[in-house]
Amino acid sequence: MKEADAIKLFVGQIPRNLEEKDLKPIFEQFGKIYELTVIKDKYTGMHKGCAFLTYCARESALKAQSALHEQKTLPGMNRPIQVKPADSEGRGVGLSEDRKLFVGMLGKQQSDEDVRRLFEPFGSIDECTVLRGPDGTSKGCAFVKFQGHAEAQAAINSLHGSRTMPGASSSLVVKFADTEKERGLRRMQQVASQLGIFSPMTLNFPAYNAYTQAVNAQLVQQQALVAQSAYLSPVATVAAVQMQQMAALNANGIIATPITPITPSSGVNGYSSLPAPTNGQQATEALYTNGIHPYQAQSPVAALDPLQQAYAGMQHYTGWSAYPAAYGLVGQPFPQQPTMVAQQHQQPQQQQQREGPEGCNIFIYHLPQEFSDSEMLQMFLPFGNVISAKVFVDRATNQSKCFGFVSFDNPASAQAAIQAMNGFQIGMKRLKVQLKRPKDANRPY
DNA sequence: TACCATT
């Protein structure tokens with residue numbers, strides 16, 4: 001079926017709305033395709049914007065690479081498509097991890113070529129890309145991949161901090177790019193800052209002892225929940241913990257006050273009788289000062305996958321663990337254990353825009369710009385079985401329109417989600433969460 | 001002060 005020396009290609013810069021069937025015509029003009037797979041998130045099934053492509057013939061792969069790589073830009077993308085042998089094909093060349101550099105503090109006007117010239121003296125460059133925003137302006141940083149680790153290290157040694165580029169606010173940064181684990185962590189931190197939660201490392205507030213004690217007590221419960229749900233799915237676990245924390249913080253005005261008041265179920269954990277910290281930072285610091293976090297050495301989390309470990313890791317750094325106070329605090333009965341992710345684990349495919357029965361579908365507005373299907377899904381997973389989660393995207397720019405729909409398989413979940421999340425403040429905005437209007441609602445007859 | 005996308 002395929003030649004013994006066939007090459008598996010990695011294809012990058014694919015719009016997330018294109019599936020295999022859409023991509024096939026683009027690639028089959030270079031030969032018969034043996035396999036074409038869009039890369040999706042293992043747990044959520046979300047399109048990652050790239051794919052693997054194997055032609056039956058080696059020659060077809062070479063033709064496709066030379067015709068397409070960096071040559072053509074797919075609609076909605078701001079960089080040309082990437083077509084090159086997958087990392088797994090690398091013979092002799094080391095993993096990209098230890099030879100790929102992140103370069104920061106570049107001038108906004110520096111191009112790929114400018115950066116390449118700067119790094120050329122240190123060795124052969126495989127890849128050199130300035131990162132750009134949706135409007136095409138440089139983010140002032142780039143990736144530079146050398147063929148070997150030593151060359152990359154040499155570039156760091158002589159270039160890092162060596163000069164200040166025109167227009168840059170400080171001297172050139174040259175370091176190894178984040179590993180996958182670090183990227184996960186960084187994403188979590190972004191979400192954390194979206195929610196107005198800050199690193200305890202940067203703050204120095206006095207500890208809240210009573211609060212800290214209460215939180216400490218809750219940690220036991222939290223560990224139990226984590227242990228339980230770990231059997232379902234790591235993401236579901238994380239989502240559940242995260243959402244309970246968020247919802248509870250929200251309910252207590254620690255990071256936000258919902259427009260729709262949530263009545264704390266009093267006395268579930270005795271929390272309501274404790275002095276509430278006036279803001280998230282104090283809570284964070286209090287916990288951190290005592291060195292408490294829910295994922296100690298013996299925690300059941302120890303054996304979980306990298307994604308979850310990334311979350312667990314973040315708790316060390318960002319003090320996310322400072323917000324567990326919350327258990328049982330959400331007025332709304334806490335949603336049944338989410339199972340959608342676990343199911344999807346077997347069948348990650350065709351997560352189309354399914355709609356639930358009337359009363360099961362909710363409309364969410366004022367989503368953060370950077371929330372995609374995946375983030376919104378995670379946000380609502382804890383309220384029940386999610387049938388679909390769709391953020392609407394501008395077709396021209398591929399940018400979120402900041403609203404979307406989530407469908408559950410039962411009305412109670414939808415109500416729980418509305419109750420807990422309507423008015424939830426994120427940054428300067430509050431989520432609007434309400435039942436989706438039935439299709440024919442506004443039609444006269 | 002930013003980290004694209006590798007099953």
Side-chain angles (χ1 to χ4, degrees), chain A residues 7-18 20 23 34-54 68-70 73-74 76-90 93-108 110 112 115 126-145 152 156 160-161 164-165 167-190 193 198-199 201-202 305-307 310 345 348-349 370 372 374 398:
Chain A
I7 305 168
K8 184 171 202 167
L9 297 170
F10 169 80
V11 183
Q13 299 298 320
I14 301 172
R16 288 174 204 264
N17 55 340
L18 299 190
E20 282 87 354
L23 297 170
Y34 173 72
E35 188 176 40
L36 171 60
T37 317
V38 165
I39 300 169
K40 305 218 161 139
D41 183 275
K42 193 182 351 171
Y43 298 109
T44 64
M46 298 314 308
H47 193 306
K48 287 197 172 178
C50 53
F52 288 117
L53 167 64
T54 310
L68 298 175
H69 180 62
E70 291 277 357
T73 300
L74 265 13
M77 294 290 103
N78 52 31
R79 281 192 48 208
I81 194 169
Q82 306 289 301
V83 180
K84 55 197 179 184
D87 279 354
S88 58
E89 299 292 279
V93 200
L95 246 35
S96 50
E97 194 142 282
D98 66 340
R99 55 192 183 92
K100 182 174 181 178
L101 300 177
F102 172 81
V103 183
M105 289 291 113
L106 289 168
K108 296 278 189 206
Q110 287 182 286
D112 291 6
V115 176
D126 264 7
E127 194 184 307
C128 177
T129 316
V130 168
L131 271 62
R132 297 178 184 280
D135 55 356
T137 63
S138 165
K139 290 184 175 175
C141 57
F143 289 121
V144 176
K145 195 195 280 182
I156 293 175
H160 180 69
T164 300
M165 295 305 181
S169 59
S170 75
S171 64
L172 193 64
V173 171
V174 183
K175 58 208 281 204
F176 286 111
D178 282 354
T179 61
E180 194 193 352
K181 197 180 250 181
E182 288 165 329
R183 279 205 309 274
L185 237 165
R186 191 180 295 278
R187 258 178 231 137
M188 295 307 98
Q189 284 171 343
Q190 271 173 10
S193 69
F198 302 100
S199 166
M201 311 297 278
T202 62
D305 82 328
L307 173 63
H345 211 113
Q349 285 319 359
E370 35 292 276
S372 62
S374 170
N398 250 11

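What's counted below: heavy atoms across the whole structure, side chains too, no hydrogens, waters or symmetry copies. We name chains A, B, ... by the order of the sequence lines, and we start the count at 1 in each one.
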Item checked: Distance, rounded to the nearest Å, where A/Phe10 contributes CZ and B/dT6 contributes C1' -> 5 Å
Next item on the list: Report which part of the nucleic acid A/Lys139 touches: base, sugar-phosphate, or nothing (heavy-atom distance under 4.0 Å, all strands).
Entry: base
Check: Base, sugar-phosphate, or nothing: which does A/Lys108 touch, judged by heavy atoms less than 4.0 Å apart?
Finding: nothing
Notebook entry, point to check: Taking CG from A/Asp178 and P from B/dA2, how many angstroms apart are they, rounded to a whole number?
Noted result: 11 Å
Next item on the list: Taking side chain to side chain contact (heavy atoms under 4.5 Å, CB included) as the test, write out the residues that go with A/Pro15, two or more places apart.
Entry: A/Asn17, A/Leu18, A/Leu74, A/Met77, A/Asn398
Next item on the list: Classify the nucleic acid contact of A/Val173 as base, sugar-phosphate or nothing, counting any heavy atom under 4.0 Å across all strands shown.
Entry: base
Checklist line | A/Lys145 vs A/Leu131, nearer the 5' end of DNA chain B by closest nucleotide | finding: A/Leu131
Checklist line | Steps toward salt bridge (Lys or Arg N to Asp or Glu O under 4.0 Å) verdict (A/Arg99, A/Asp126) | finding: CA-CA 10 Å; A/Arg99 55 192 183 92; A/Asp126 264 7; 2.9 Å; yes
Next item on the list: Could you tell me whether A/Gln82 contacts a base, only the sugar-phosphate backbone, or nothing, with contacts defined as non-hydrogen atoms closer than 4.0 Å?
Entry: base
Next item on the list: Assign A/Glu127 to base, sugar-phosphate, or nothing according to its heavy-atom contacts below 4.0 angstrom with the strands shown.
Entry: base
Item checked: Upstream residue (5' side of DNA chain B) when A/Thr129 and A/Lys8 are each assigned their closest nucleotide -> A/Thr129
Next item on the list: Give one of base, sugar-phosphate or nothing for A/Arg79, where a contact means two heavy atoms less than 4.0 Å apart.
Entry: base
Which pairs of donor and acceptor atoms, one on a side chain in residues 134-141 of chain A, lie under 3.5 Å apart (sequence neighbours left out)?
from	atom 1	to	atom 2	distance (Å)
A/Asp135	OD1	A/Thr137	N	3.2
A/Asp135	OD1	A/Thr137	OG1	3.0
A/Ser138	OG	A/Gly140	N	2.7

Notebook entry, point to check: In terms of side-chain heavy atoms of A/Cys50, which of B/dT7, B/dT6, B/dT1 is nearest?
Noted result: B/dT6
